[in-house]
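Take a look at the structure set out below.
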Amino acid sequence: MTLDLLAGLNAAQQKAVEALEGPILILAGPGSGKTRVITHRIAYLVRVWNVGPRRIMAVTFTNKAAAEMKERLSRMLGKMVEQLTVGTFHACCARFLRIDGPAIGIDRNFVIYDDDDQLRLVKKAIEELGLDPQKVTPRAVISGISAAKSQLLTPEACARQGHSYFDEIVKRVYERYQEMLANSHALDFDDLLMTTVRLFQQKPEILEKYQNRYLHLLVDEFQDTNIAQYVLAKQLSGKHKNICVVGDPDQSIYSWRHADIRNILNFEKDFPQAQVFYLEQNYRSTGTILEAATSIISHNQQRKPKELWTQNEKGSPIVVAEVADEWEEASQVVNEIDKLTRTKEVKLRDCAVMYRTNAQSRVLEETFMRYGTPYKLVGGTRFYERKEIKDIIAYLRLLHNPFDSVSLARIVNVPGRGIGHQSFNQFTAWAGQQGLSHYAALQRLAELNQQGAKSSLPVTSRAVAAFQKFFELLEGLIEVSRKSSVMELLGEVVARTGYKGYLFAEDDGEDRWENIQELQSSARDYEVLPPGEALGAFLEKVALVQDVDELDEKSDAVTLITLHKAKGLEYSVVFIIGLEEKLFPHIRSYEDPAQLEEERRLCYVGVTRAKKRLYLFHANQRILMGMRSSGEPSRFLDDIPAKLIAGDGQGGKPAAGRQEHKAALSSWKSEAPKTLLISVKAGDSVIHKVFGEGVVISCQPVTNDFEALVNFKGAGLKKLLLSLAPLKKLDNP
DNA sequence: CGAAAGGCTCTTTTT
DNA sequence: GAGCCTTTCG
């Protein structure tokens, strides 16, 4: 029973699992079995030390990581997993505040505003304060506010810290913004943390309740926590002092989100009695890849050196290749993957393509599609960010919390119901004069209208009628929300607003409608809860779980992912593309050496995702911000010893090395078949491996090939290269 | 009021 | 290149 929890762990890992009490710092290199240690440690606490699972709280960086941890733990603990508290700081805080927030005046039904809501509100605040939006960009202000909140600074405190004109602006907007949030009974992401800290400060008895409950606190990815999160962790573990933090300073890549690397670097100072464990054996990568990674990261000045090692074989050399532009880059990736997977020992799902910026995914996607190679894009336009989804969610949020002004403003005229900007602005001003929330003002307007008090109304009679109808719509839906499930409510919202018709007036209405249906079916999980609770729970999930984790682990497809999102994942074959100066490292990091070091850490994270093979691509030219520009190879390529690189080891830098690097790959140009296996003309019926049946719209010659435009039944219009697309002609049309 | 067009900016990473 | 905002016109 106890042995199997330690079996298969090395000495350092075992010690970290067995240590019982007091502060613990686990410094874990990439691929060192960090997640195993955490999960085994939790299981060990429960099974060997008999700590009740209710009394353990484990905090992860993402919801996905939390889900995975639970999954692993359920294998060791079975049903007891349900009793553990596992989640992100944000999710845990939201839970605390739902329960105990009212003690400091937080509405139990508060909404969580995401970045988009935040942006709208900050813009409005800037506008209200009469600041020039040209000079005061909302983005910069938001970042300033967020930085302040991450350090638990109130507007006054943040004004005391800085004295520049900009600091003063931030302070004033911050102040106004908080008022607006309060009026909407809303909290933003940073507020979840900051308000919980405040709750614990102002109500020690509530803090004590949680301190008594949680005997053990574990924090993963500790290098990416901010001050607020660290303070929170200290508060929660303040009584028992059983705080176990796990992280790797070399993988700290979120300082832009105000993560503070000092949290992990100074942990030992904060807790002098802390036990420290080092996990330095790497089980993931080949010797070559690990050596390259070690070499890259060693170029950072601001770091504690550490000794990573592995017993794994040396493996293949790293391939560094120069390509002409982003299109050739993508083709080379696909071709190489094609070559590797032909042997069957590598599957598509073992391959990942990683890049610095999301914008780079577009060309990849188009190329993968054109070649018919299955792929999955991680974190493109996220599901909950789609307009149609946000619209429907806005309705639900408003029904749940009528104070939510951002949601109301969003949907007041969606679908169009004759309430234009003019009317809405006048209405808003009128509401403000009377100190009414939007919703209360709607109610008042309806009353006055019925009393025939025309003169006291702020808008035209046509608009009044529209507002009245809108109010009645909401009233009716609130009624529905009281007694129906989320699924039914959603259906009613769509039906009564005429949203479907609104969608289908657009070209891509069909797809968007499917998204709505997907949203509706995702609400099915909440059927089990009573109507009073289900809506709140559903909205909470929507706010905090930004990506719908399609756990499509079964599907065999190449992963396309940003380097940031790749943290914590591993693949047999990794392609890192766009290794060029100004892109990676990103130009915005140039002015600050600390930021450049963070870029290098990001590179380190990417490289250490690879188990067997690593490909590093840089393009001679690429289109950046709509402009074609030429790029020098990234400085990170110079950080890799030549002996680890395939070919002549020049890092693809001078033209001399170029041919050989190309030879290491299968050049797509030479491999393209000279004779086409298929020819088609407009009107032909065809079938595609991925897209299914379709009809050829047109077919025209392009360089060395033909490009067909095909309308697929399922997938719509696609452009395909005949030489590459897995296409067959159907005989009978 | 609403749709369409043109001009503008900004392009990093996300709980 | 794309999305956002403003302007313009019906």
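Throughout, a chain's letter reflects where its sequence line sits, starting with A, and its residues are numbered from 1.
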Whole-Å gap separating [atom2] ([N]) and [atom1] ([X]):
X      : N      : atom1 : atom2 : answer
A/R588 : B/dC10 : CZ    : C1'   : 9 Å
A/Q118 : B/dT15 : CD    : C1'   : 12 Å
A/H564 : B/dT15 : NE2   : P     : 11 Å
A/W256 : B/dT13 : CH2   : P     : 8 Å
A/I623 : B/dT11 : CD1   : C1'   : 14 Å
A/R95  : B/dT15 : CZ    : P     : 18 Å
A/D115 : B/dT15 : CG    : P     : 9 Å
A/D190 : B/dT15 : CG    : P     : 13 Å

N/O donor-acceptor pair under 3.5 Å between A/R601 side chain and A/S252 backbone: yes
Any donor-acceptor N or O pair under 3.5 Å, side chains A/Y590, A/E581: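 Present: a donor and an acceptor within the cut-off.
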Distance-only donor-acceptor check, side chains A/T367 and A/S331, under 3.5 Å: no
A/F222 and A/Y230 aromatic centres sub-6.0 Å: yes
Pair A/Y502 + A/Y499: ring centers closer than 6.0 Å: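 Yes, the ring centres sit under 6.0 Å apart.
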Strand DNA chain B in bracket notation, Watson-Crick/G-U under 3.5 Å with | for pairs to another chain: ||||||||||.....
Touch class at under 4.0 angstrom, heavy-atom based, for A/K123 against every strand present: sugar-phosphate
Sugar-phosphate only, base, or nothing, as touched by A/H90 at under 4.0 Å among non-hydrogen atoms: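 Base: the residue A/H90, judged by heavy atoms under 4.0 Å, touches a nucleobase.
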Comparing A/R139 and A/Y254 on DNA chain B - which has the more 5′ nearest nucleotide: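 Counting from the 5' end, the first nearest nucleotide belongs to A/R139.
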5'-most by nearest nucleotide on DNA chain C - A/R362 or A/K387: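 Nearer the 5' end of the strand: A/R362.
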Partners meeting salt bridge (charged side-chain N to carboxylate O under 4.0 Å, His left out) with A/K234 (sequence neighbours left out): A/D270
Residues forming a salt bridge (charged side-chain N to carboxylate O under 4.0 Å, His left out) with A/K70, sequence neighbours excluded: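 A/K70: no salt bridge (charged side-chain N to carboxylate O under 4.0 Å, His left out) contacts found.
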side-chain contact (heavy atoms from CB on, under 4.5 Å) partners for A/D639, two or more places apart: A/I296, A/H299, A/R600, A/F636
Distance (rounded to the nearest 0.5 Å) between A/L473 CG and A/Q468 CD: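 Reported to 0.5 Å precision, the distance equals 12.5 Å.
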Spatial distance of atom CG (A/L583) from atom CG (A/L624) [nearest 0.5 Å]: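 The CG atom of A/L583 sits 6.0 Å away from the CG atom of A/L624.
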Shortest side-chain distance from A/H586, nucleotide among B/dT15, B/dT11, B/dT14: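 Comparing B/dT15, B/dT11, B/dT14 against the side chain of A/H586, the answer is B/dT11.
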Side-chain N or O of A/T357 closer than 4.0 Å to phosphate OP1/OP2 of B/dT11: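 Negative; the distance criterion is not met.
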Under 4.0 angstrom between A/N358 side-chain N/O and B/dT14 OP1 or OP2: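 So the side chain of A/N358 is within the cut-off, an N or O lying under 4.0 Å from OP1 or OP2 of B/dT14.
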For chain A, the stretch of DNA chain C it reaches, first to last nucleotide, under 4.0 Å of its heavy atoms: C/dG1 to C/dC5
Parallel, tilted or perpendicular: ring planes of A/F61 versus A/Y254, cut at 30 and 60 degrees: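 Rings of A/F61 and A/Y254: tilted, as their planes differ by 30° to 60°.
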Charged N-O contact under 4.0 Å between A/R120 and A/D116: yes
Look for any protein N or O under 3.5 Å of an N or O in nucleotides 2-4 of chain B and output each such pair with its distance, or none.
residue	atom	partner	partner atom	Å
B/dG2	OP1	A/G418	N	3.0
B/dG2	OP2	A/N413	ND2	2.9

